[in-house]
Amino acid sequence: MDCSSDESSELSETDIDDYAEKSYADLKAGKFVARLGSDRFRCPFCPGKKKQDYRYNELLQHAVGVGASNRAAKVKANHQALAKLLKVDHADAAATLLPRQAIALSNPPKPVQDLEVFVWPWMGILANVPAEQTQGGGAILMKRLADFKPVQVTAVYGANGYAGYVIVLFTKDWIGFKNALAFQNYFKSQRLGKLEWEETKQHVKYVFGWLAKEEDYKSDGPVGRFLSANGELKTVSELEQEMSSKTDNLIANLTQQISAKSKYLQELECKCNQMNISLQKVMEESDLLHKRYNEEMRNMQSAAREHTQRVFQETEKLRKQLAEKESSIERRSKELNEQVAQTDMERRKLEEERKKNADQNDSLNMARIEQQKADQRALRLLEKHKKEKEDALNKILQLERQVDEKQKLELDIEQLKGKLEVVKHMEGEGVDVKKRSEELTAELNERIEDMEHLEALNQTLVVKERMTNDEIQDAKKELITGLADLLGPRSNIGIKRMGELDEKPFVLSCKQRYGEDAEMKAAEFVSLWQEHLKDPNWHPFKIVTTGSTTEQIINDNDEKLVGLKKQLGEEVYKAVTTALLEINEYNASGSYVVSELWNNKENRKASITEAIQHVLKQWKAQKRRR
């Protein structure tokens, strides 16, 4: 991550020194904090940098490197001021790099008498130690003496075997000397020191202890021989001078190393400046190459415009031919429509004739029905009259004559009524209906045959159009497969995978929410939502009707989409809805990603003609370069 200083306002190279002095004054005044502790620092001009905890040498190297880089003038000036602050005002932090042993050596504990001679490395003597306590490497003794932090314990053997003494070895530094004195003072406080041992010797069962000194070193016994073989006599003053000399040598060596490092750093700065000069030259050469490239591109664009003009002229000619063919097809279509209209008129006339014949047939049927009804009524009336005759046999003869006349009159009336009804239903029968029906039926059959011929011709055209469309789709698939490696995302015509999720919004959203695990989380979310898009059972759309037009739009209340927007934000939501709309438009039934020719410049679907013209243009341009 780059430094997040204000790089927008530029300074000239001549103003860098003045601005660096101003930044140095702000650093000294405490406006910017660079030191966090005795040996911990931070860069106040790079707050966005991931690393915020530096040691002295690391921050100095960072400040010098940025100050000599090819960054913006303000950034260089700020880091030059920081380097000056570290060298001038915080040079004491370099001393913290010295080893802690060197610091410890400068504060030795003071002995009781500076002329007292001790055995070095510091050793303690244990007397009257039982032999069983020396077994196993003296583990029992090491445990009992743990408070004095001994390095090891060694049993002393003489000519006759174990001599009853144990030598306790301490560390060689002043901390070991302090532990050795504590060891001696402990036994002295218990009245088990060297004097008590010399008085009692081996007449008691206690263990005695003291610090090994000159008289022990020079004694003739096995203890003296062990001490002279494994140590030497030194006073505290001599040892202090010796350690002080070693410390001075160590400091001198470290100072020399720091000077060498500083010299090496200066050499690196010089090399860096030289590299910057070289880089500037390279940039100038690159600018010159860019100018040449732009000139060549202008020439190529001019040639491309001429080629495009020729293509437009050819296209215009083809368009005119196509217009003529379209007008011819329209004329033919009008003729066919007129023939269809005539056929429809003849069909309607025939239907009307059929309907009229049907109505006449219905009238005849009604007349027959009415005649049957009249006959039935007459029969019923005859039966009634017959019954009346039988009833009237006993009447007088005068009444019989009157009844017969009445019956005859009623029969005549009913027959007249029936004939009248038949005459009413037979009106308009002067036309020869059967002959007219046969003529209309023959003409209708002829029109039906013409209509069937037109339908067969139309079906043939539909089949040919479908075959041509299939061939075009196959050619389009082959073109997409062959151009997948040739057409890139920066070219005007490319291949776009419709329904594939854009990963950038997922990565940006996860960086804001998950930190270091952002890329892994983004990959998990992309994989999860790509599976959701493939799920045919998930269809988050709703139908909206506008006037007479209906369309499908995204359902904003879908539970998954609402949860996605709440979890990862608006941009991720837009990426998912865009992929949903693409799948619904290009492959609604399959719910999987489909490759499509795409015009990247105009952000729309590209035609096969556009793709072929683009490839020919690139091929001709490469041919001219060769």
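- Summarising the local packing, OH of Tyr514 is surrounded by more than 12 heavy atoms from other residues, nucleotides or ligands at distances under 6.0 Å.
- The main-chain N or O of Met520 is never found under 3.5 Å from a side-chain atom of Asp517 such that the two would form a donor-acceptor pair.
- Here the straight-line distance linking atom CG of Asp15 with atom NZ of Lys74 works out to 11.0 Å at 0.5 Å rounding.
- Atom NZ of Lys261 has 12 or fewer heavy atoms from other residues, nucleotides or ligands within 6.0 Å.
- Taking the charged nitrogens against the carboxylate oxygens, Arg332 and Glu335 do have a contact shorter than 4.0 Å, which makes a salt bridge.
- A donor-acceptor distance shorter than 3.5 angstrom exists from the side chain of Asn294 to the backbone of His290, with no hydrogens or angles considered.
- Ring geometry for Trp529 versus His532: interplanar angle over 60°, hence perpendicular rather than tilted (30 to 60°).
- When only modelled atom types and interatomic distance are considered, Tyr24 and Asp89 share a side-chain donor-acceptor pair under 3.5 Å.
- Here CG of Leu568 is found 5.0 Å from CZ of Phe525. Values are rounded to the nearest 0.5 Å.
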> What do the steps show when you test Leu27 against Phe45 for side chain to side chain contact (heavy atoms under 4.5 Å, CB included), and what is the final call?
Replying inline: CA-CA 11 Å; Leu27 287 167; Phe45 303 113; 4.2 Å; yes
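- Side chain of Ser527 to backbone of Glu524: no donor-acceptor contact under 3.5 angstrom is found.
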Run the salt bridge (Lys or Arg N to Asp or Glu O under 4.0 Å) test on Glu351 and Arg348 for me, step by step, so that the C-alpha distance in whole Å, both residues' side-chain angles and the decisive distance to 0.1 Å come before the verdict. CA-CA 5 Å; Glu351 290 293 333; Arg348 282 195 295 271; over 6 Å; no
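- Remark: aromatic rings of His62 and Tyr54 are close, center separation under 6.0 Å.
- Checked by atom type and distance alone, the side chain of Thr578 pairs as donor or acceptor with a backbone atom of Lys574 at under 3.5 Å.
- Crowding of Lys504 atom NZ: a count of heavy atoms from other residues, nucleotides or ligands under 6.0 Å not exceeding 12.
- Side-chain atoms of Ser23 come within 3.5 Å of backbone atoms of Tyr19 as a donor-acceptor pair (strictly under, hydrogens ignored).
- Checked by atom type and distance alone, the side chain of Ser333 never pairs as donor or acceptor with a backbone atom of Ile329 at under 3.5 Å.
- Although no hydrogens or angles enter the test, the distance criterion places a donor-acceptor pair under 3.5 Å between the side chain of Arg513 and the main chain of Gln567.
- For Gln309, the CD atom sits in a loose shell: 12 or fewer heavy atoms of surrounding residues, nucleotides or ligands are nearer than 6.0 Å.
- Of the possible polar contacts, one joining the Gln530 side chain to the Leu501 backbone as a donor-acceptor pair under 3.5 Å is found.
- Remark: Glu267 CD is packed, more than 12 non-hydrogen atoms of other residues, nucleotides or ligands lying under 6.0 Å away.
- Atoms CD and CG, on Glu582 and Asn584 in that order, are 11.0 Å from each other to the nearest 0.5 Å.
- Electrostatic pairing of Glu58 and Arg55 does not count as a salt bridge here, judged by no charged N lying under 4.0 Å from a carboxylate O.
- Between Asp535 atom CG and Leu533 atom CG the span is 9.5 Å, to the nearest 0.5 Å.
- A salt bridge links Glu21 with Lys84: at least one charged nitrogen is closer than 4.0 Å to a carboxylate oxygen.
- Between the OG1 atom of Thr577 and the CG atom of Asn555 there is a distance of 12.5 Å, given to the nearest 0.5 Å.
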